[in-house]
Trainee: 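Pasting a structure below so you can have a look.
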Amino acid sequence: MPELPEVETVKNGLNVLLKGRVIDSIKYDTPKSFLCSTEEVEQYLVGAGVIGVKRRAKLLLINLDNGYSLVIHLKMTGQLVYRGTTNFGAGHPSRSLVGQLPDKSTRVIFTFRDHSRLFFNDQRKFGWIKLERTSSLAERVYKKFGPEPLARDFTLADFKKRLLLRPHSGIKAVLLDQSIVSGIGNIYSDESLWVAKIHPLTKVDRLNDLKLSRLYKGIRVVLNEAIDQGGSTDRNYVDALGRKGGYLNFARVFRREGQSCPRCGSKIIKLKVASRGTHICARCQKLVA
DNA sequence: CACTTGACCTGTCCGC
DNA sequence: TGCGGACAGGTCAAGT
């Protein structure tokens, strides 16, 4: 489930791997996965060179040298895997989740002038790729998301102000709302709430300064740890070279129902909150009415 | 109006 | 073994 750390990891990989490469051709099957017309492909994509790759919220932005950008959302099962001309086989088997490409989940194939390729795989077809003018990204793409939680200028005061836009909602639902703070999904909301010792159903206006401060710090610590681990691989996620992420080996509560809380030893339980599987320590994370 | 739930998909796992 | 159903969760539309 690509969230901020996974998309950041893919972005870092692609930025190095794709920079300077020129698109030669594009193959795609489902129109739903690739929202560009054949005219757009011919006019704006074939012959375009990659300047760099960026991330905003959970979106990847591939900036091209002709004033256009590819905007990509991986949703739950999307993968972007690069294969150079010398590594057509899979990577090291223990870390790799993808073998020979294309495979049955491949939706789009970008071939570059040097014959290297970028594969967009997506088992569930929820992800998409579209084309935007780079100059309209700020207005059309950036604007609808809340601030980046890891931005240097994102302060505790900013965090409180954003959360208080939804004072009567449960905190987990608010953390998952991309217009409040961007990039947090199911895994890292559970992990951050455990760090901050907050029950996911706690209403925002019931959070005191101590809890808000712990949550603010917790989110930043957890997201940075996850980036260091190359993200979380639950089922499908891989980085730009097809490698799994390692964060779930270090997760405190996510997917650990029945195991012991690493802080107090009490059992981790699973609930449904905001219609998402939710993992908490019932002793550390008490609900404040 | 504020907030919650269902649809979009496919592969996997569980119980019968 | 095979089959039906639940489940996985990011986002948006529809519902309460």
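Predicted, not measured: the structure shown is a model, and the values here were computed from it. Note on naming: letters A, B, ... go to the chains in the order of the sequence lines (proteins, then strands), and numbering restarts at 1 for each one.
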Trainee: Is it the case that S116(A) and Y82(A) place a side-chain donor and acceptor less than 3.5 Å from each other?
Mentor: yes
Trainee: For dG9(C) versus dC3(B), give the span between their P atoms, rounded off to a whole number of Å.
Mentor: 24 Å
Trainee: Which part of the nucleic acid does F254(A) contact within heavy-atom distance under 4.0 Å: base, sugar-phosphate only, or nothing?
Mentor: sugar-phosphate
Trainee: Which whole-number value in Å describes the distance from D103(A) CG to dG11(B) C1'?
Mentor: 13 Å
Trainee: May I ask you to evaluate whether K270(A) reaches the phosphate of dA8(C), defined as a side-chain N or O under 4.0 Å from OP1 or OP2?
Mentor: yes
Trainee: Which listed nucleotide (dG9(C), dC9(B), dG11(B)) is nearest to the side chain of K104(A)?
Mentor: dG11(B)
Trainee: Nearest-Å distance, CG (L35(A)) to C1' (dC12(C))?
Mentor: 14 Å
Trainee: Work out how far the P atom of dC9(B) is from that of dC3(C), and round it to whole angstrom.
Mentor: 24 Å
Trainee: Could you please name the partner base of dC7(C), counting Watson-Crick and G-U wobble pairs only when both distances are under 3.5 Å?
Mentor: dG11(B)
Trainee: Is there a salt bridge (charged side-chain N to carboxylate O under 4.0 Å, His left out) between E6(A) and K58(A)? Walk through the geometry before answering.
Mentor: CA-CA 9 Å; E6(A) 290 74 30; K58(A) 299 173 189 171; over 6 Å; no
Trainee: Determine whether any donor atom in the side chain of R276(A) lies under 3.5 Å from an acceptor atom in the base of dG10(C), or the reverse, and answer yes or no.
Mentor: yes
Trainee: The side chain of Q123(A) lies closest to which of these nucleotides: dC12(C), dC3(B), dG11(B)?
Mentor: dG11(B)
Trainee: Please report the distance, rounded to the nearest Å, between CE in M76(A) and P in dG10(C).
Mentor: 7 Å
Trainee: If the P atom of dT11(C) is compared with that of dC1(B), how far apart are they to the nearest Å?
Mentor: 25 Å
Trainee: If the P atom of dG11(B) is compared with that of dC12(C), how far apart are they to the nearest Å?
Mentor: 25 Å
Trainee: Pick base, sugar-phosphate or nothing for G277(A), based on heavy-atom distances below 4.0 Å to the nucleic acid.
Mentor: sugar-phosphate
Trainee: Given atom CG of L271(A) and atom C1' of dC7(C), what is their separation to the nearest angstrom?
Mentor: 16 Å
Trainee: Nearest to the side chain of N186(A), heavy atoms from C-beta on, is which of dG9(C), dT11(C), dC8(B)?
Mentor: dG9(C)
Trainee: Hey, are the side chains of D209(A) and K160(A) touching, using non-hydrogen atoms and a 4.5 Å cut-off?
Mentor: yes
Trainee: Any idea which of dT10(B), dG10(C), dA8(C) is nearest the K75(A) side chain?
Mentor: dG10(C)
Trainee: Can you measure Y188(A) atom OH to dG9(C) atom P for me and round it to whole angstrom units?
Mentor: 13 Å
Trainee: Any donor-acceptor pair under 3.5 Å linking the side-chain atoms of Y68(A) with those of E40(A)?
Mentor: no
Trainee: Ring-plane angle category for F34(A) and F110(A), please: parallel below 30°, perpendicular beyond 60°, tilted otherwise.
Mentor: perpendicular
Trainee: Pick base, sugar-phosphate or nothing for K144(A), based on heavy-atom distances below 4.0 Å to the nucleic acid.
Mentor: sugar-phosphate
Trainee: Measuring only between side-chain heavy atoms, which start at C-beta, is S182(A) closer than 4.5 Å to K144(A)?
Mentor: no
Trainee: In whole angstrom, give the distance that lies between atom NZ of K58(A) and atom C1' of dG9(C).
Mentor: 9 Å
Trainee: Take the protein atom CG of N236(A) and the nucleotide atom P of dA8(C), then report the distance between them rounded to whole Å.
Mentor: 15 Å
Trainee: What is the separation between atom CD on Q178(A) and atom C1' on dG9(C), rounded to the nearest whole Å?
Mentor: 12 Å
Trainee: With centres under 5.5 Å and planes under 30° as the test, does F126(A) stack with dT11(C)?
Mentor: no
Trainee: For the side chain of S169(A), starting at C-beta, report the closest nucleotide among dG9(C), dC8(B), dC3(B).
Mentor: dC3(B)
Trainee: Looking at dA2(B), does its base get a donor-acceptor pair with the side chain of R166(A) below 3.5 Å?
Mentor: no
